[in-house]
Amino acid sequence: MDAIILQLLNGLDKGSAYALIALGLTLIFGTLGVVNFAHGAIFMIGAFCAVTLSKLFNLSHKSSEPSGTDFLGNPKYEDILYVKDWFGESFGAWMIDWSVPLAVIFAIPIMVGLGFLMERGLIKHFYKRPHADQILVTFGLAIVLQEIIKYFYGANPIPTTAPEAFRGSFDFGVLLGFDQNAIIYPYWRLVYFGFSALIIGAVFAFLQFTTFGMVVRAGMADRETVGLLGININRRFTIMFGIAAAVAGLAGVMYAPINSPNYHMGMDFLVLSFVVVVVGGMGSLPGAVLAGFLLGILESFASMNEVKNVLPGIDQIIIYLVAIIILLTRPRGLMGRRGVMEE
Amino acid sequence: MSKYDVTRRGVLRTGAIAGAGFALPTYLRAQESGYLNAPTGSTVTLGFNVPQTGPYADEGADELRAFELAVEHLNGEGDGGMLNTFSSKSLSGSGILGKKVEFVTGDTQTKSDAARASAKSMIEKDGAIMISGGSSSGVAVAVQGLCQEAGVIFMAGLTHSNDTTGKDKKANGFRHFFNAYMSAAALAPVLKNLYGDDRRAYHLTADYTWGWTQQESIAAATEAMGWETVNNVLTPLASTDFSSYIAPVLNSGADVLVLNHYGGNMVNSLTNAVQFGLREKQANGKNFEIVVPLYSELMAKGAGKNIAGIVGSQNWDWKLENEMGDKYAGTNAFVKSFGEKYGFPPSQAAQTCYAQTLLYADAAERAGTFNPCAIVEALEGYEFDGLGNGPTSYRAEDHQCFKDVVVVKGAADPEDEFNLVEIVEVTPVEQVTYEPDHPMFAGGELGQCNPGA
């Protein structure tokens with residue numbers, strides 16, 4: 001039982017990342033009709049916003065007096081951090097410790113701006129082109145973004161830590177009446193799950209309870225009619241692209257302490273997120289979230305030793321297997337709408 | 001509008017003529033000298049096949065730096081580096097056999113097919129007479145096979161699977177780097193001293209050739225000293241989040257987690273294990289411990305503070321001569337050359353690539369020819385010193401180098417980014433040596449050297 005609860009927690013956590021990326025993908029597909037293969041790269045750039053802010057906080061100058069010798073025997077000068085010079089020892093240390101949560105604020109304008117730039121600068125020219133062209137151009141864009149990050153940050157993963165207060169793990173087992181160490185879960189992963197729930201809730205509330213959201217939803221249902229009413233739906237859809245980029249970017253920022261960011265991490269999530277979108281139903285926002293959590297949980301259960309002993313290698317194919325079964329039984333996905341991606 | 005009649009015979013005829021045309025230069029080059037790509041002018045070309053793109057690109061860049069430095073030193077430029085400390089005095093800084101050394105590079109992308117294609121291109125188009133480099137055992141085995149078929153020497157870069165000089169060994173291939181068996185043999189006594197002989201180990205293993213041989217080796221070595229292997233879980237190479245594999249570890253009855261992972265896999269699995277608080281827990285009345293059999297400097301950098309106190313093994317470390325004495329002469333000379341040129345100390349991948357280039361050049365000088373079969377003869381059973389690892393020998397039976405192995409652990413409070421690992425001890429070569437017919441290396445034959453003629 002404890003193993004099942006543990007994998008359920010794991011699944012919710014994995015599902016959070018899948019759901020956030022798939023939500024952004026669906027927003028773009030549902031509004032603009034574009035299949036955006038660069039969305040994984042946006043997630044990766046979000047994680048590198050956290051890396052960048054951490055590096056900015058760690059910028060330093062050298063001390064005037066040598067403090068020892070370097071590996072070649074030359075005088076070595078101590079690094080003195082600017083943030084500690086400017087904001088004092090304790091506040092400077094706090095800024096460095098909390099660089100990932102602070103990066104959320106830092107990342108929002110960057111990600112929205114990047115979204116606008118991508119949409120206005122490149123993707124809008126492909127609205128009327130076949131989906132295959134859109135996939136090719138956005139995939140190319142993803143590779144370009146990856147290589148830019150690799151050029152500046154290298155190929156090696158860059159460790160990015162959570163604030164001291166959220167390091168370590170929480171013993172759920174004791175809370176639920178199990179033995180000590182039976183169900184242990186890292187604090188930061190719990191924070192990630194809560195953060196994802198908050199972002200997902202905020203996006204749904206924005207679409208459901210604001211006039212802007214109402215127009216966007218109307219545009220997703222019937223773009224032409226909304227246009228005939230004199231509403232500039234394209235401008236709103238551009239803003240939605242920016243919001244979708246911010247959602248994926250924030251998912252990346254908060255993911256940075258879970259696994260050290262590297263330039264390739266977006267690609268690792270991209271394929272899975274597309275499967276999530278297809279399983280959820282193309283263009284369905286609740287479908288994307290539901291499928292994200294469902295596949296995350298199934299992936300975690302498939303990694304259990306008891307399951308792998310019966311079905312070796314199942315952990316590698318479970319997501320695709322479930323996708324096949326769902327698409328065979330429900331060709332539009334779990335919550336897909338009639339007419340989307342259909343002739 | 002012109003009309004072209006394409007016939008089956010026409011296609012065959014054109015294909016045959018074109019094929020003969022392409023093959024002729026290679027055939028002639030081989031026929032004149034008795035071996036492929038014999039240098040005819042005043043230069044000789046070496047091919048350095050390293051990952052320039054993909055997840056190991058940083059390691060590949062470091063290998064390339066070392067190759068460039070080695071070529072500089074062979075051509076008499078710079079301070080000479082390990083040429084000054086190498087026990088063989090055949091190399092004088094005037095190239096190899098009087099020919100200036102030039103090099104071409106290829107990108108393995110850490111993919112076997114891409115690595116073979118780039119090596120093939122360097123051999124066929126650029127006339128490379130030797131191929132070296134690489135950061136993966138899968139790639140090393142693939143390129144070694146290609147070099148054997150083509151008839152050039154392969155001086156492997158970073159490859160740690162037992163198979164490279166085990167079941168996949170080839171007469172034209174030589175490995176300076178240590179292997180999974182040696183890591184395990186060096187680590188086991190240290191682990192016993194640190195954590196005792198009554199331990200229960202849980203293994204997470206990357207599901208490919210290196211992972212399998214690493215797990216087999218470390219499990220055998222630790223079981224021989226009394227440890228029990230509780231479980232071995234194979235993890236897909238493409239995994240990025242290991243939480244589902246880590247979560248059951250604490251409930252498994254194990255008190256040690258062995259991560260048979262390398263590169264990004266290792267960085268992520270170790271980070272996940274630390275996040276789950278494994279290092280702060282107790283199991284079976286003992287502190288829970290984590291072991292990473294194969295370390296690299298770049299992995300330590302990627303894992304950050306999570307590496308503190310974690311034990312593993314290395315082929316070489318830049319602090320070796322300073323901390324362990326003159327036996328490891330050559331280390332400081334290499335660190336000085338490399339550090340002054342690039343601004344940071346070399347990695348173990350760089351050291352092995354530098355040493356391999358010098359060893360190839362020296363073998364050619366001693367043999368008096370670039371003929372691969374003469375070079376194989378010169379390297380087989382060759383004993384040398386002064387290249388940073390202490391006294392070393394290239395065993396004739398499997399073309400594996402035998403030398404001391406460095407056991408390291410992550411520094412708790414590193415003074416800078418170059419001191420992420422501390423040397424725990426150096427395991428003498430006798431302790432890591434095995435018979436050529438050891439079961440973990442069985443199944444392959446060296447075969448005959450191929451000069452490509």
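Values below: all heavy atoms of this structure, side chains included; hydrogens, waters and symmetry mates excluded. A note on names: the letters A, B, ... follow the listed sequences, proteins ahead of strands, and every chain is numbered from 1.
For the pair A:M304/B:P248, no side-chain contact is recorded, criterion being any heavy-atom separation below 4.5 Å from C-beta on. With a 4.5 Å cut-off on side-chain heavy atoms, A:D315 and B:P236 count as touching. Looking at B:N306 and A:P159, their side chains never come closer than 4.5 Å, going by heavy atoms from C-beta outward. Between A:E299 and B:D241 there is no side-chain heavy-atom pair separated by less than 4.5 Å.
A:N305 touches chain B through its side chain: at least one heavy atom from C-beta onward sits under 4.5 Å away, while N, CA, C and O do not. Contact annotation for B:E59: neither backbone nor side-chain heavy atoms come within less than 4.5 Å of a heavy atom of chain A. For chain B, no part of A:F301 is nearby; none of its heavy atoms comes within less than 4.5 Å. With a threshold of 4.5 angstrom between heavy atoms, A:Y255 approaches chain B through side-chain atoms but not through N, CA, C or O. Neither the backbone nor the side chain of B:N332 comes within contact range of chain A, judged by heavy atoms closer than 4.5 Å. Heavy-atom distances place both the backbone and the side chain of B:K301 under 4.5 Å from chain A. Using a 4.5 Å cut-off between heavy atoms, B:D207 contacts chain A through its side chain alone, with no backbone atom that close. Both the backbone and the side chain of B:A57 come within less than 4.5 Å of a heavy atom of chain A. Of the two parts of B:S239, neither the backbone nor the side chain holds a non-hydrogen atom closer than 4.5 Å to a non-hydrogen atom of chain A. Both the backbone and the side chain of A:N259 come within contact range of chain B, with heavy atoms under 4.5 Å apart.
Here CD1 of A:I184 is found 8.0 Å from CG of B:L278. Values are rounded to the nearest 0.5 Å. A distance of 10.0 Å separates CD in B:E417 from CZ in A:F71, rounded to the nearest 0.5 Å. Atom CZ of A:F269 is separated from atom OG1 of B:T240 by 5.0 Å, given to the nearest 0.5 angstrom.
Within a 6.0 Å radius of NZ in A:K76, other residues, nucleotides and ligands contribute more than 12 heavy atoms. Heavy-atom contacts from other residues, nucleotides or ligands closer than 6.0 Å to CZ of A:F139 number 12 or fewer. Around NZ of B:K341, the count of heavy atoms belonging to other residues, nucleotides or ligands within 6.0 Å exceeds 12. Atom NZ of B:K409 has 12 or fewer heavy atoms from other residues, nucleotides or ligands within 6.0 Å. In B:K286, the NZ atom is crowded: over 12 heavy atoms of neighbouring residues, nucleotides or ligands sit closer than 6.0 Å. Annotation: B:D326, atom CG; neighbour count of heavy atoms from other residues, nucleotides and ligands within 6.0 Å does not exceed 12.
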CA sep, side-chain torsions, deciding dist, call: A:S169, B:F276, side chain to side chain contact (heavy atoms under 4.5 Å, CB included): CA-CA 6 Å; A:S169 51; B:F276 271 79; 5.5 Å; no

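The two residues A:S260 and B:G302 come nearest to each other via the heavy atoms OG-O, 3.1 Å. Summarising the geometry of B:V335 relative to A:L72, their closest heavy-atom pair is O-CD2, 3.8 Å, with the distance given to 0.1 Å.
Between chain B and the options A:K308, A:H264, A:R167, A:E147, the largest number of non-hydrogen pairs under 4.5 Å is found for A:K308. When each of B:K336, B:M299, B:K281 is checked for heavy-atom pairs under 4.5 Å with chain A, B:K281 comes out on top. By number of non-hydrogen pairs under 4.5 angstrom with chain B, the leading residue of A:Q7, A:M265, A:Q146 is A:Q7. Contact count against chain A (heavy-atom pairs under 4.5 Å) is highest for B:N268 among B:T271, B:N268, B:L234. Ranked by heavy-atom pairs shorter than 4.5 Å toward chain A, the options B:F344, B:F418, B:Y56 are led by B:F344. For the set A:N262, A:L6, A:I258, A:I158, the entry with the most heavy-atom pairs within less than 4.5 Å of chain B is A:I258. When B:N272, B:T235, B:L250 are compared by the number of non-hydrogen pairs under 4.5 Å with chain A, B:N272 comes out ahead.
Using a distance-only test at 3.5 Å, with no hydrogens or angles considered, no donor-acceptor pair links the side chain of A:N156 to the main chain of B:D58. Side chain of B:Q275 to main chain of A:P257: a donor-acceptor pair is present (N/O by atom type, distance under 3.5 Å, no hydrogens or angles).
In this model, a donor atom of one side chain and an acceptor atom of the other lie less than 3.5 Å apart for A:N10 and B:S243.
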